[in-house]
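Residue numbering restarts at 1 for every chain, and letters A, B, ... go by the order of the sequence lines.
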There are 2 protein chains.
Amino acid sequence: MRARDGASLQERIVALIHERGLVPGAPMPTEVQLMELLGASRNSVREAVQALRALGIVEIRHGHGTFVGHASLDVLTPSLAFRVRSGPGGGIRALHDLVEVRELLETELIGQVAQSTSGPRLAALDALVNGMDRDREADRAFHALLYESCGNELVLQLIGLFWDVYHEVEPTLGPPEERTAEIVVNHRRIVAALRARDPGAAREAMRLHFRDVKARIARAEARPVPTPT
Amino acid sequence: MRARDGASLQERIVALIHERGLVPGAPMPTEVQLMELLGASRNSVREAVQALRALGIVEIRHGHGTFVGHASLDVLTPSLAFRVRSGPGGGIRALHDLVEVRELLETELIGQVAQSTSGPRLAALDALVNGMDRDREADRAFHALLYESCGNELVLQLIGLFWDVYHEVEPTLGPPEERTAEIVVNHRRIVAALRARDPGAAREAMRLHFRDVKARIARAEARPVPTPT
DNA sequence: TCGCATTTGTTCGTATGTATG
DNA sequence: CCATACATACGAACAAATGCG
């Protein structure tokens, strides 16, 4: 193990996880054990482990130990948010691209689930729409619930990730535009299309929803750039 | 700056980048400068910086300095690859989900570019298909070139990321199945649909392409799990 | 070509905070 | 309250890579 030194410590620790068949939640070797396993000092081991923590590959619990992580996509929020913010023109363009990817995914997905969304789920979606003016998170839950029946955990996390990044960057666009009425109408239209089991209408409703989101970005683009303190 | 200690060093460094308006490629403060700016020891600073490096937020050049990174999505390859591999059942299910997301994105995108792909681009695509039996990377370049005209850098990187992760994990499925003929036929069908400027046919051709990819995964699922050393 | 300064990479020793039994 | 195990943090020193005069 100490022999092959082409790989970085970070990569060697990942290889070690796979070799031992460690599954998410399993305890990692302690720092001292990693030191002797990898033939490296404590600080080098810690730097590698911190990098893996940033990637969600391990989880660290202070005073308790280090454990194999689930590599959930939400750990990538800082990276994506940084990417968007540091884009040209204050990141307006990057934000537009981000929303467009959400639109791509969700228009395609909504067409797939349009004919198979159950009655109880429709009722739950209705409830979320009703709470949208009060609860900010209702929108996030709405979009997650829409595609839950796909059984594709990755796409759910991707959509959640993009939602998080958008709502982290969006406040920098300027003063919040409260257009709750528009938003609610757009979401009701989506649910109505699902209830009618009409994939084409569902896709169209989704496009209209994102048309408004992109319009908000376009308005911010036209406005003078807010001075970044 | 030294005052507020609610945020982690990692977050404070990111905040510092934004406060100073540092753009990708710009030089970061040296480790010693970060020490005094953040009021932390060198080791602590290094651990935070290494985490940011893993996320692609900074780039480190030994003996030269640390620079603001581009947060390109390909740094997320280890995280996604780990996630797929550590999924239940050797990650077959997670791999299926991954390919399905690619399919979602690419079927939607191909419909968008079907009517606007220029002649020279079509010729370049033809050339890539012809080289696919020899050059493994030709497939990656093909899918990247398809959507280049969208002008959405994020979606290009996402598709590249998924391609990389798939081809990193795929060899663990078992012995390579060389079905170059099938692959070439599928890609030719896509180019033909673009040449005919037929979005519906393009989407269908893309579906057929991914149908074969998913079939390969399904065959691997039926096979006994290869013992992980 | 050489030597020097700068910067990151690695290691050691030590002390402190935290969770568990 | 104590003891143990673990992660966190700090300071100092030396090694290695890069750039420059």
Side-chain angles (χ1 to χ4, degrees), chain A residues 1-17 20 22-71 75 78, chain B residues 1-17 20 22-71 75 78:
Chain A
M1 172 69 77
R2 167 182 270 127
R4 52 173 173 24
D5 272 357
S8 66
L9 269 190
Q10 181 180 325
E11 291 166 340
R12 289 172 64 194
I13 294 177
V14 173
L16 186 144
I17 294 175
R20 299 198 170 184
L22 297 180
V23 297
M28 290 281 295
T30 68
E31 290 182 349
V32 181
Q33 288 172 324
L34 283 177
M35 287 171 59
E36 39 204 37
L37 278 170
L38 304 173
S41 75
R42 173 159 231 138
N43 279 322
S44 298
V45 167
R46 281 183 59 81
E47 285 174 11
V49 170
Q50 289 293 326
L52 294 177
R53 176 194 57 77
L55 293 174
I57 293 178
V58 304
E59 283 178 6
I60 305 177
R61 271 174 272 177
H62 188 153
H64 190 196
T66 306
F67 302 83
V68 179
H70 295 78
V75 303
Chain B
M1 172 68 76
R2 168 180 272 134
R4 50 163 168 38
D5 274 355
S8 66
L9 270 189
Q10 180 182 325
E11 290 166 340
R12 290 171 64 194
I13 294 176
V14 173
L16 185 144
I17 293 176
R20 299 198 170 186
L22 297 181
V23 297
M28 291 279 295
T30 68
E31 292 180 347
V32 180
Q33 287 173 326
L34 283 177
M35 286 171 59
E36 38 204 37
L37 279 170
L38 305 171
S41 74
R42 178 147 178 242
N43 283 327
S44 299
V45 168
R46 281 184 57 82
E47 285 176 15
V49 170
Q50 289 293 327
L52 295 178
R53 176 193 55 79
L55 293 174
I57 293 178
V58 303
E59 281 178 8
I60 306 177
R61 270 174 275 178
H62 187 166
H64 191 194
T66 307
F67 301 83
V68 179
H70 298 263
V75 303

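In summary, of the residues considered (A:Ile17, A:Val49, A:Ile13, A:Val68), a side chain to side chain contact (heavy atoms under 4.5 Å, CB included) with A:Ile57 occurs for A:Ile17 alone.
In terms of phosphate contacts, B:Ser44 brings a side-chain nitrogen or oxygen within less than 4.0 Å of OP1 or OP2 of D:dC10.
The shortest heavy-atom contact between A:Ala51 and A:Gln10 is CB-OE1, 3.6 Å. The two residues A:Pro27 and A:Leu22 make their nearest non-hydrogen contact at O-CD1, 4.2 Å.
The ring-ring contact (aromatic ring centres under 6.0 Å, His included) check on B:His62 picks up nothing, with sequence neighbours excluded.
With hydrogens and angles ignored, the 3.5 Å screen pairs no side-chain donor or acceptor of A:Arg53 with any backbone N or O of A:Ile60.
B:Met35 places its CE atom 14 Å from the P atom of D:dA9, with the value rounded to the nearest Å. Taking atom CZ on A:Arg42 and atom P on D:dG11, their separation rounds to 17 Å, with Å as the unit. In this structure, the CD atom of B:Glu31 is 15 Å from the C1' atom of D:dG11, given to the nearest Å. Between the CG atom of B:Leu38 and the C1' atom of D:dA9 there is a distance of 14 Å, given to the nearest Å.
Of the residues in residues 46-67 of chain B, B:Arg46, B:Gln50, B:Ile60, B:Arg61, B:His62, B:Gly63, B:His64, B:Gly65, B:Thr66 come within less than 4.0 Å of DNA chain C through at least one heavy atom, sorted by number.
Side-chain atoms of B:Asn43 and base atoms of D:dG11 include a donor and an acceptor less than 3.5 Å apart.
The ring-ring contact (aromatic ring centres under 6.0 Å, His included) pairs that include a residue from residues 29-61 of chain B number zero, where partners must be two or more places apart or lie in different chains.
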